[in-house]
Q: 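Take this structure, written in structure tokens, and hold onto it; I'll ask about it next.
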Amino acid sequence: MRSDNLKVGVSRAPHRALLKSLGLTDEEIKRPFIGVVNSFNEIVPGHLELNSIAEAVKTGIKMAGGVPFEFPTIAVCDGLAMNHEGMKYSLASRELIADTIETMVLAHSLDGIVLIPNCDKVVPGMMMAAARLDIPSIIVSGGPMLAGRFNNKKVDLTTVFEGVGKYSNGEMTEDELKRLENCACPTCGSCSGMFTANSMNCMAEALGLALEGNGTIPAVYSERKRLAKEAGFKIMELVNKNITPSKILTDKAFKNALTVDMALGCSTNTVLHLTAIAHEAGIKLNLEKINEISEKTPNLCRLSPAGGYHIEDLYMAGGISAVMKELSKLELLDLDCMTVSLKTLGERIKDAPYGDGKVIANVENPYSKTGGIKVLFGNLSPMGAVVKKSAVSNKMMKATLRARVFDSEEDATMAILTGEINKGDAVVIRYEGPKGGPGMREMLTPTSALSGMGLDEDVALLTDGRFSGGTRGAAIGHISPEASEGGTIALVKEGDKIYIDIEKGVLELLVSQDELEARKESLKIKTKEYKGYLSKYVKLVTSAATGAVLKLD
């Protein structure tokens, strides 16, 4: 056992003395030491109940003969950090999460870890740590929030963001907005649509790092606590059989995850995070491969913001196993991949139902014959840009638009809310990339404002930053290279024409190469000075095209 490094032999008597100060007996010290990484805090709604999940996990570990050691890591709520300085820290927190887990595990020679995340950057940050450490690991999240009800319709957090746009447009009164605010988030848990947190919890299942139900069992269901106990049991089996993430996170597993991603219509942030997890696992995952998988994978789900269903509906329809069972009809998945259940993917989904034809469409009659995410290339995005195709109206799949250029999210949001943006505009928001933001801020406020004002079918948003999983409309993010690295997006001028063809994967600035070269010669890249963690982050972070991971050279 790895933990023998700190507890076996005469020279480790001082170490054992410290362990006994914790109340451990000699018998307990002989057992495997399991880290329980709990991202609980009292400000993130998805994390408020994680202590109960941790207690269930520890119960399972003890029942299976292990000794659990709980320790914390940080978590940022993207909803609370949205549209202000706080969002600069969201993506950056992903690296801190991975680093803190690595530090605790290696400093204390733990034999295995159970990772308890729930929100946007915590889930991928923990999976990055698991891949990097390569010790027996299992993910068990806190689960999704239930949808709210307003005027006899299901609502969620994005409904409130869009309500701000409706209020600004005179379509909703302040009293109505207040009533919506009071009922949109009725329980704890990760926000109830197919937003980034739920997308990544579903990806944990598809990759094989989580047990069945991790992505869809609602946070407030007792079944979630039973799942946590099972995770405690299972980590002991993984330790005893030395099943580590490198035996699960294979090239085929990432292809499976991307296939499920396309079928679900997940957040565009999955591209950023799966690329980063693959990097930690030593797997090369490029954007061209994502398009290849998207081209042959039908989109089977239209969950909020792409449609009216929520994660609770996907749970009732059979969850991620049912989606994978439906995809298996087309032989799109490698069913021999190992999972933390110690079953192959094929064995895991053997008894799952097929799609219900509604929440999970049948492959014979999908919502779309191609996947929910598309990567766009062209002179405006030579290294790629990403759009949630399943949430774009047919009207905006192909368009030539007029550029409206803003050097910050705040300026763009103000222009939208004050009625300065018109049909046929392309709102270009730059200097919001991994370096330029820094931290590649999510843009849910401007996209929701456009949707609330009824402009999402006539206006596109283009940015070197990124968009929330709650975004709908022609919101094209991750444009690379970013403005701060001298990318073409830094050369766009007010009134330029921009051509998008989402089906064909094209994003072009309709300006001659000679003119672009002239603009580049006179370009003065805008820079900002930061103190503390962000100053370090800016120096180390790489392009969105490579997952915005930190370079070590």
Side-chain angles (χ1 to χ4, degrees), residues 158 193-196 198-200 202-203 257-275 286-309 323 327 332 360-361 363 365-378 380-381 384-401 426-427 442-444 447-448 450-451 455-463 465-480 498-508 544-545:
T158 60
M194 188 53 81
F195 313 142
T196 304
N198 291 326
S199 293
M200 290 310 300
C202 292
M203 291 297 97
L258 284 169
T259 300
V260 176
D261 188 347
M262 299 305 157
L264 287 171
C266 288
S267 162
T268 52
N269 286 314
T270 56
V271 173
L272 199 67
H273 298 321
L274 287 174
T275 304
N286 59 49
L287 299 186
E288 287 85 358
K289 181 182 287 187
I290 293 170
N291 267 352
E292 289 173 18
I293 292 172
S294 182
E295 282 302 310
K296 60 185 179 182
T297 305
N299 178 220
L300 304 181
C301 299
R302 288 288 168 95
L303 279 69
S304 177
Y309 295 117
V323 174
L327 287 170
L332 291 174
I360 306 171
V363 294
N365 187 30
Y367 286 105
S368 169
K369 292 182 180 180
T370 55
I373 292 176
K374 188 75 174 182
V375 180
L376 312 181
F377 294 95
L380 189 51
S381 56
V386 184
V387 64
K388 188 169 184 173
K389 177 187 160 190
S390 59
V392 180
S393 73
N394 290 331
K395 187 176 179 182
M396 287 299 291
M397 285 292 179
K398 183 177 181 180
T400 300
L401 305 165
V427 178
E442 286 187 347
M443 309 282 180
L444 183 55
T447 58
S448 297
L450 283 176
S451 295
L455 291 172
D456 56 300
E457 293 192 355
D458 299 283
V459 173
L461 279 94
L462 288 72
T463 183
R466 59 197 175 92
F467 291 110
S468 163
T471 292
R472 59 187 173 98
I476 301 169
H478 306 200
I479 292 176
S480 301
I498 295 175
Y499 173 72
I500 60 173
D501 188 331
I502 292 173
E503 289 289 358
K504 292 185 177 179
V506 175
L507 181 60
E508 286 281 336

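Just so it is clear, the values below take in all heavy atoms, side chains as well, and ignore hydrogens, waters and symmetry mates.
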Q: Applying side chain to side chain contact (heavy atoms under 4.5 Å, CB included), can you list everything that pairs with Ser448, at least two apart in sequence or on another chain?
A: Phe161, Glu162, Leu444
Q: With sequence neighbours left out, what residues match Asp456 under salt bridge (charged side-chain N to carboxylate O under 4.0 Å, His left out)?
A: Arg472
Q: For the OH atom of Tyr499 and the OG1 atom of Thr400, what is their distance to the nearest 0.5 Å?
A: 6.5 Å
Q: Which atom pair, heavy atoms only, marks the closest approach of Phe195 to Ser304?
A: CE2-O, 3.5 Å
Q: According to side chain to side chain contact (heavy atoms under 4.5 Å, CB included), who are the partners of Thr270, at least two apart in sequence or on a separate chain?
A: Ser199, Met200, Met203, Asp261, Cys266, Leu274, Ile373
Q: To the nearest 0.5 angstrom, please state how far the CG atom of Leu300 sits from the CZ atom of Arg302.
A: 10.0 Å
Q: Is a side-chain donor or acceptor of Ser390 paired with a backbone partner of Lys388 at a separation under 3.5 angstrom?
A: no
Q: Just to verify, what does Glu503 make a side-chain hydrogen bond (donor to acceptor under 3.5 Å, both in side chains) with, not counting sequence neighbours?
A: Lys389
Q: Enter the distance from Asp501:CG to Glu508:CD here, rounded to the nearest 0.5 Å.
A: 11.0 Å
Q: Would you confirm whether Ser381, through its side chain, and Leu376, through its main-chain N or O, come within 3.5 Å as a donor-acceptor pair?
A: yes
Q: Report the residues that fulfil side-chain hydrogen bond (donor to acceptor under 3.5 Å, both in side chains) with Thr463, sequence neighbours left out, ordered by chain and then residue number.
A: none
Q: State the CG-OG1 distance between Leu461 and Thr447, to the nearest 0.5 angstrom.
A: 7.0 Å
Q: Sub-3.5 Å donor-acceptor pair from the side chain of Asn299 to the main-chain atoms of Tyr367, do we have one?
A: no
Q: Can you name the residues that form a side-chain hydrogen bond (donor to acceptor under 3.5 Å, both in side chains) with Thr275, not counting sequence neighbours?
A: none
Q: Holding to side-chain hydrogen bond (donor to acceptor under 3.5 Å, both in side chains), I want the full list of residues that pass it with Ser451, two or more places apart in sequence or in another chain.
A: none
Q: Apply side chain to side chain contact (heavy atoms under 4.5 Å, CB included) to residues Thr297 and Glu292 and explain how you reach the verdict.
A: CA-CA 9 Å; Thr297 305; Glu292 289 173 18; over 6 Å; no
Q: Just do the side chain to side chain contact (heavy atoms under 4.5 Å, CB included) check on Thr196 and Glu442 with the steps written out, would you?
A: CA-CA 11 Å; Thr196 304; Glu442 286 187 347; 3.9 Å; yes
Q: Go through the structure and list residues passing salt bridge (charged side-chain N to carboxylate O under 4.0 Å, His left out) with Glu457, not counting sequence neighbours.
A: none
Q: Report yes if the side chains of Arg466 and Thr268 come closer than 4.5 Å at any heavy-atom pair, otherwise no.
A: no
Q: State whether the side chain of Asn269 and the backbone N or O of Phe467 hold a donor-acceptor pair below 3.5 Å, judged by distance alone.
A: yes
Q: Could you tell me the separation between the CG atom of Leu264 and the CD1 atom of Ile360, rounded to the nearest 0.5 Å?
A: 8.0 Å
Q: Holding to salt bridge (charged side-chain N to carboxylate O under 4.0 Å, His left out), I want the full list of residues that pass it with Lys395, two or more places apart in sequence or in another chain.
A: Asp458
Q: Applying salt bridge (charged side-chain N to carboxylate O under 4.0 Å, His left out), can you list everything that pairs with Lys289, at least two apart in sequence or on another chain?
A: Asp251
Q: On a heavy-atom basis, which atom in Met396 and which in Ile500 lie closest, and how many Å separate them?
A: O-CD1, 3.7 Å
Q: The criterion is side chain to side chain contact (heavy atoms under 4.5 Å, CB included); which residues satisfy it with Asn291, sequence neighbours excluded?
A: Lys374, Val375, Phe377
Q: Can you list the steps and then say if Met194 with Cys202 is a side chain to side chain contact (heavy atoms under 4.5 Å, CB included)?
A: CA-CA 9 Å; Met194 188 53 81; Cys202 292; 4.1 Å; yes
Q: Do Ile290 and Met262 come within less than 4.5 Å of each other through their side chains, counting heavy atoms only?
A: yes
Q: Could you work out, with side chain to side chain contact (heavy atoms under 4.5 Å, CB included) as the rule, every residue matching Ala426, not counting sequence neighbours?
A: Leu401, Leu462, Ile498
